[in-house]
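Structure record follows, encoded as structure tokens.
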Amino acid sequence: MPTPQIVRTIDDLRSIVKEWKGQGYRVGLVPTMGALHHGHLSLIEAIAKHCDRIIVSIFVNPKQFDENKDLDEYPREEQKDLQALANTACQLVFAPSPREVYPNGFTTNISVGGLTETLEGANRPGHFDGVATVVTKLMMMSSCDVSIYGEKDYQQLAVVRRFVKDLNLPVQVLGGTLIREKDGLAASSRNVHLSASERKIAGNFNVILKQAIADLHSGLNIKETENKAIQALLNIGFSKVDYVSIVDPESLIQLENYTKGMPARIVAVARIRTVRLLDNMAV
Ligand code: AMP
């Protein structure tokens, strides 16, 4: 199967989308930072039911990285990504340079309040400003009708839903199920940074979160459940736990008490060496 067409400028992107819209096509956008895995591909499959043409953007967005080392080391594998997209419903890849996205003199920032003050927002200063700014720009550049974000980045999905509503952007926002590896580890571009022994440790993340959910269901209180999970992660070989939090699934506010049947989400970030791993599950 041929690889999809790739464009690098906003002008080229716009002229293709204009043609599509002229034919009455509904356009879908799947924003990614590349190093594509089956989690990304599942988003393409999911959005295909909601549109006629699919654009995958590949852009490692410097504005959403709070650590330069993380940005420098982020995997970039464009040729492999194009091959991975060859067997999918994606028609067009948009892979702009940082200069194309952020021209000289760029100073505008989209900043979402409330939701971004906790969890990833509290742990990664400026991260969600970077995400909200680039996603708004990608939506504007592509004139997409629908766009999809994975539940792997649960807070990011909530933030995108928020600013799309607040700014009246004419885009339908979809959420995609979190895709896991065989042992339950959330698929992530960062997993390639794990050595074989670290990868084994990482496989325990989801098991420990499932245990935390079982603990909650059997009556352990929220603080004890979170602390027990943190301790279990450290005991099994994680270097640091940024947080394990049981939150309201909509507002992402930390819950104080849990009673069975209550809507709740467990969200967690733990590190093995410098590799940050994210996971979350419905309670
Ligand atoms: P990224 O390239 O990591 O910025 O991710 C691009 C999109 O893919 C985001 O909407 C992510 O939430 C989504 N994504 C990444 N990993 C997964 C996964 N394991 N399952 C579902 N969606 C994912």
Side-chain angles (χ1 to χ4, degrees), residues 28-48 50 54-67 70-71 73-78 80-82 84-85 88-90 93-96 98 101 115 119-121 124 127-139 142 144 146-164 171-194 199 202-203 205-206 209 252 265 267-269 275-282:
L29 172 71
V30 184
T32 81
M33 297 202 300
L36 302 179
H37 50 68
H38 54 296
H40 296 114
L41 302 185
S42 76
L43 299 181
I44 300 174
E45 248 175 67
I47 202 173
H50 299 264
I54 299 175
I55 304 166
V56 171
S57 63
I58 297 180
F59 179 59
V60 182
N61 175 32
K63 281 205 187 300
Q64 73 187 70
F65 284 80
D66 51 317
E67 292 170 20
D70 190 21
L71 172 62
E73 288 177 0
Y74 200 85
R76 290 161 171 90
E77 316 170 336
E78 193 176 276
K80 239 170 113 184
D81 288 346
L82 289 175
L85 291 171
T88 70
C90 164
V93 172
F94 178 50
V101 176
L115 269 178
L119 308 172
E120 287 302 89
R124 302 185 66 190
H127 171 67
F128 283 122
D129 283 14
V131 169
T133 303
V134 83
V135 170
T136 304
K137 283 168 71 65
L138 289 168
M139 286 176 169
S142 66
C144 63
V146 56
S147 189
I148 190 163
Y149 302 83
E151 282 189 348
K152 151 93 190 321
D153 302 279
Y154 192 79
Q155 192 176 14
Q156 170 173 281
L157 172 58
V159 167
V160 172
R161 287 194 198 283
R162 184 74 258 165
F163 71 74
V164 164
V171 179
Q172 179 189 5
V173 176
L174 304 175
T177 321
L178 197 167
I179 303 298
R180 297 178 180 278
E181 304 294 352
K182 277 205 187 77
D183 63 352
L185 176 66
S188 166
S189 307
R190 289 189 172 87
N191 293 349
V192 298
H193 294 315
L194 297 169
R199 175 64 188 77
F205 199 1
N206 71 99
L209 295 187
L252 301 186
R265 195 103 191 163
V267 287
V269 172
V275 187
R276 275 184 105 236
L277 301 173
L278 282 74
D279 204 338
N280 70 86
M281 293 175 192

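All ligand and atom numbering here is 1-based and tracks the order in the structure.
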Within residues 177-191 or reaching into it, pairs that qualify as salt bridge (Lys or Arg N to Asp or Glu O under 4.0 Å) - sequence neighbours excluded: D70-R190, R180-D279, D183-R199
Would Q172 and S147 satisfy side-chain contact (heavy atoms from CB on, under 4.5 Å), going step by step from the backbone distance to the final call? CA-CA 6 Å; Q172 179 189 5; S147 189; over 6 Å; no
Mind checking ring pair (Phe, Tyr, Trp, His ring centres under 6.0 Å) for Y149 and listing every partner two or more places apart, or none if nothing turns up? none
Looking at residues at least two apart in the chain, or sitting in another chain, which of them share a salt bridge (Lys or Arg N to Asp or Glu O under 4.0 Å) with E73? K69
Aromatic contact, Y74 with F65 (centres under 6.0 Å): yes
Chi angles and distances behind the side-chain contact (heavy atoms from CB on, under 4.5 Å) call for M33, Q64: CA-CA 11 Å; M33 297 202 300; Q64 73 187 70; 3.7 Å; yes
Listing by chain and number, which residues have a heavy atom under 4.0 Å from ligand 1? P31, T32, M33, H37, G39, H40, L43, Y74, Y149, G150, K152, D153, Q156, T177, L178, I179, A187
